[in-house]
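For reference, the structure discussed in these notes is given below.
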Amino acid sequence: MSLYSICCGNFHQLWNSIGHSCRIRFLKSHSRIISETVLQNRRHKTGPFSTSILARSTRKGSKQSFSNNRHLHGESVESSIEVFKQSDLQHLKSLQCYNIEEKVSGVKPECPATILVFDIETTGFSRRGDRIIEFAVRDLAGGKNSTFQTLINPERVIPNTHIHGISTNMVCRSDIPRFGEFIPILLQYVLSRQMAGKPVLWVAHNGKTFDVPFLICEFQRCKMEMPGDWLFVDTLPIARQLVDGKTKGAATLKTLTERYKIPVNGDAHRAMQDVTALCYVLQKLTLELKITVPQLLENSFRVSDVATTPAKK
DNA sequence: GGCCCTCTTTAGGGCCTT
């Protein structure tokens, strides 16, 4: 099971929706309209395919590696034509072979997890002294209500408006939820997206040392616990398998969007814009490094794996 | 501030996030 097979139709939508990102201030979901092109393509597709390939990290000294097995579906490849370069498609098609088991059963394998790409905006870099002021997430499965974003009231002056454009007056209002009020809404949203008996896989860029510890500290400050079936993946070490990690700026989200020629519109450093960009980057990274969803799960980390210090009282 | 790399490990510096 690859991200390709999960997201092709959704990424097709993403591609078409760039420039039409959510501008919702508080808890309004963003619906997806299924493309007629994708639907038409799917009507003419053959059964599912899968293949096994050898994939190794080429970055010297990299400690993170992903083993093999990728699964592709004919419909995924075909419906992604408008999203990917012809060279990418040729690469994918060259990997295809019949999976007898799937062909006989005719059952399309389900994704082993709900994959949620997310990003936060904060009042600064310190998870102890700063606060989250915006949260955005996109479910790679797509469909209705697949995106969700909200501003969050930090109950303090925002010193870095020049970074994200979010001012104190925008969030320090009675109609903007505090993080403690936001948590149950987030939990309810995630539950609405979660498949029974399967984990939730959160994806963020530099999430291991920034987004996830920030979230954990906010949960702790509100005396709440994260669900035990939440797993996390950081795209930064994955990207560093492809680029020179010692070169300044080589693995930033901005550089990666430029590397893959991903058009980025809208306000810079806003959470949903970065989420949309990261969705594309994730797809491209996993394609280039031949990383499957099971491999992402195998290399994910849990809350207990993140070193955090208590939030300041 | 954690992670990673190296001119390292008895340390120091750069990257990445807002």
Could you tell me how far apart [X] ([atom1]) and [N] ([atom2]) are, to the nearest whole angstrom?
X: R127(A); N: dT18(B); atom1: CZ; atom2: P; answer: 15 Å
X: F214(A); N: dT17(B); atom1: CZ; atom2: P; answer: 14 Å
X: L215(A); N: dT18(B); atom1: CG; atom2: C1'; answer: 14 Å
X: L256(A); N: dC15(B); atom1: CG; atom2: P; answer: 15 Å
X: I163(A); N: dC16(B); atom1: CD1; atom2: P; answer: 16 Å
X: N206(A); N: dT18(B); atom1: CG; atom2: P; answer: 8 Å
X: D119(A); N: dT17(B); atom1: CG; atom2: P; answer: 9 Å
X: I238(A); N: dC15(B); atom1: CD1; atom2: P; answer: 21 Å

If I pick the [atom1] atom on [M] and the same atom on [N], what distance separates them, to the nearest angstrom?
N: dT17(B); M: dG2(B); atom1: C1'; value: 11 Å
N: dC7(B); M: dG1(B); atom1: P; value: 28 Å
N: dT18(B); M: dT10(B); atom1: P; value: 35 Å
N: dT9(B); M: dC16(B); atom1: P; value: 25 Å
N: dC3(B); M: dT8(B); atom1: P; value: 22 Å

Point to revise | Residue mapping more 5' on DNA chain B - nearest nucleotide basis, S126(A) or I133(A) | key: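 The answer here is S126(A).
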
Review point. Is the phosphate of dT17(B), meaning OP1 or OP2, less than 4.0 Å from a side-chain N or O of H205(A)?
Key: yes

**Study point:** F125(A)-dT17(B) aromatic stacking (under 5.5 Å, under 30°)
**Key:**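 Answer is yes, a stack.
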
Exercise for review: Decide yes or no, distance alone: a donor-acceptor N/O pair under 3.5 angstrom between the base of dT17(B) and the side-chain of D211(A).
Suggested key: no

Exercise for review: Report which part of the nucleic acid L253(A) touches: base, sugar-phosphate, or nothing (heavy-atom distance under 4.0 Å, all strands).
Suggested key: sugar-phosphate

Check your understanding: On the ring face of F232(A), is K208(A) found with NZ or CZ under 6.0 Å from the centre and within 45° of the axis?
Key -> no

Review point. Between F182(A) and F135(A), does the ring centre distance come in under 6.0 Å?
Key: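 Here the rings of F135(A) and F182(A) have centres that are less than 6.0 Å from each other.
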
Point to revise | Nearest non-hydrogen partners of V171(A) and I133(A), listed with the distance | key: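 The answer is CG1-O, 4.2 Å.
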
Revision key, fill the gap. Considering only heavy side-chain atoms of T252(A), the closest of dT18(B), dT17(B), dC3(B) is dT17(B)

Exercise for review: Compare the minimum distances between each of dG1(B), dC16(B), dT18(B) and the side chain of A251(A), then state the nucleotide with the smallest one.
Suggested key: dC16(B)

**Study point:** Contacts of R178(A) that satisfy salt bridge (Lys or Arg N to Asp or Glu O under 4.0 Å) - sequence neighbours left out
**Key:**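 With sequence neighbours excluded, R178(A) shows a salt bridge (Lys or Arg N to Asp or Glu O under 4.0 Å) to E155(A), E181(A), given in chain and number order.
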
Review point. Is the backbone N or O of L282(A) less than 3.5 Å from a side-chain atom of T286(A), with the two atoms forming a donor-acceptor pair by type?
Key: yes

